[in-house]
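What follows is one structure encoded as structure tokens, with my remarks underneath.
Every chain is numbered from 1 and lettered A, B, ... according to where its sequence line falls, protein lines coming before strand lines.
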Amino acid sequence: MIGGGGRIGKPPVADVAKPVAEGKRPEGEAKPSAVGDGFEKGAKSLAGAKKGEAPAGSSGATLADVLRLARENPQAAAKVVDGLRAQVKATLSEVERELAAARQVVEALAKERFAKAARDKQGRELKKRREGLGQLKQRYHATLRRTQLIEQLAGCLQNPRVSGEIDKLVQQHHRLKTGWGRRYHLLSLGELLFGAAVDTPQHLREVVRAQVAPYSAPAGELADELLGQRLITELLARTVDGTTRKAGAARAPALEGGHGPAARTYAMLAELIEAAMAEDPLGGGET
Amino acid sequence: MSGAEGAALELSDEELRLLWLACEVFPNPESPLHFLDVEGKEPNDAEASFAHLTKRGLLNATGAAAPVLAPRLQAVAECGARIAVADAAGHRREYFVADGSAVEYARFAGSHRFGPLLAEAEVVRALAASLTAADSPASQPLTLTAGDYLVFALLARDLRAPEQEPKDGNSMSVEEVLSYFDEPETKYVRTPSDESWQASLHALSNAGVLTASRSGYELHPSYHGLARGLAAEQQVTVSRLDFFSDEWLVRELNLYPTGSALYRLGTQVDGSVVIQEVSAAQLATTLAAAVGTLPNLLSERVHEPKKRGAVDARVTAGKKR
């Protein structure tokens, strides 16, 4: 994404947050996601697949299994994805059939200009059609998203290390005595936000993966605030312009785990960063 | 694009409820229209909403959403991603993405605005048009360690301070720099020493970021615009959030306009800090990398195994260096 600019200075201080040893790094994929379409079994059948063969029982594998397979045996993973794409296509055909049937009911209502009498008469049928379609669409999107995630990541992006390090980071941070020490500590954390491995392609290197609890509007708003680099970058800017600001809105639900462990991690990190933004480590700045 | 196709469309809550009733809207949980499913409410006056929508040409006589409306509804309702542009003052624009197309959506009290259906490239053009960048960058991109960045910030801060007399330009001596960090830190967390700070000064100087004189160091003139103009309150964040059931992918670009120049600040995978002046020519590419749909990497790995092996070898060699 960025060209030019040689690296200068010493490499980042490595044990500000001690990295997980090579080879012991946690698997990028978290516990298997709860899915409703048959992704239930473990990786054995996938691991035993010969290169290029579709593994037996692949329809029973978890998303994590398939992502691991995509990394180790892309050809076999591609065959799994072909199966998923076929499911997507079949579900879409079903959606189109059901939509056509629902539209016949709607057309009848439209002829009556959605008058109350017509809605009373057709309402139950329409509700049943709509609910059925809603479920089909959910299934369609769930399978499509799973397919797209496998295709886009191909097992080449892990979960960020910050998830496993946050409690230690917070402890370390609270042991620092000076403003400059705290600022230095936070600016050094950038590498923990990402899950890139040695062979992660360039276009994925600054993509952050996060596992969140089932979506809710408050979780979505928090995602914007917490999951990117926004706060650390603001800290970078304030280090130059010398401004400070008070902490933002309270994040109690996220801190208590109400939006899942990833949101809790990032809420804790956000608290540290915002506390640091309340002071100017280089002194004498504006507010 | 015709005038009707290019104009934003506004719908009331009631009109949206009618469209939901008529099986034209099936919102995902991440969609701002999800409230329709949550509430499950039918319109209070379905006949009036039907009449109004058909009169506006947004609903056909059969009760189906018109072609000018249907794709916009579907993109926002069945979105797979959200692109957001936010500034430090809290102003925000959102585009909802489905199948490579995007619709700008905004909700006001009782009203919902749907922009035209845009290709992702058009979204990038719209975003780029809202930002001002110089034709060519005045400074080289920088990749700094955290310690280097603190030294850079110190020198930049000195440039921003009102000039005091007597002073030889804006140079800071090594002792002046070290005085900011002379309070020792705890042994529990490794932090730079005096030698580290001095090494940062030398390295920044060797890289042309600082100029050295007898009295000390100061920022190279090519970075004066950044040093004086950078303001946290001017931060513009462009982000894309891809929804994959319980997994999300986040990409973010943080930009700082300083008059006629535009800078990107951020951290990188190796923990380094990056400062890059983004030129007008680079802006579209930089935005596209942040907000475009990610390519099918699996297909690339399947069809180019030899190339992947070569990339792995290069990366491994780089790491050993």
Tell me if a side-chain donor or acceptor on [X] pairs with a main-chain N or O of [Y] at a distance below 3.5 Å.
{"X": "B:R157", "Y": "A:V240", "answer": "yes"}
{"X": "A:D241", "Y": "B:A232", "answer": "yes"}
{"X": "B:R301", "Y": "A:R71", "answer": "yes"}
{"X": "B:E252", "Y": "A:R230", "answer": "yes"}

Distance from [X] atom [atom1] to [Y] atom [atom2], nearest 0.5 Å?
{"X": "B:N28", "Y": "A:H141", "atom1": "CG", "atom2": "NE2", "result": "4.5 Å"}
{"X": "A:W180", "Y": "B:W197", "atom1": "CH2", "atom2": "CH2", "result": "5.5 Å"}
{"X": "B:T145", "Y": "A:L187", "atom1": "OG1", "atom2": "CG", "result": "10.0 Å"}
{"X": "B:L255", "Y": "A:T233", "atom1": "CG", "atom2": "OG1", "result": "10.0 Å"}
{"X": "B:T237", "Y": "A:Q229", "atom1": "OG1", "atom2": "CD", "result": "10.0 Å"}

- Taking every heavy atom of B:E47 against every heavy atom of A:F114, the minimum-distance pair comes out as CG-O, 3.3 Å
Salt bridge or not between [X] and [Y]? Use side-chain N to carboxylate O under 4.0 Å.
{"X": "A:R103", "Y": "B:E24", "result": "yes"}
{"X": "B:E233", "Y": "A:R245", "result": "no"}
{"X": "B:R251", "Y": "A:E206", "result": "no"}
{"X": "A:R145", "Y": "B:E30", "result": "yes"}

- Item | Under 4.5 Å from a heavy atom of chain B, the part of A:A102 involved |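 When you check distances to chain B, only side chain atoms of A:A102 fall under 4.5 Å.
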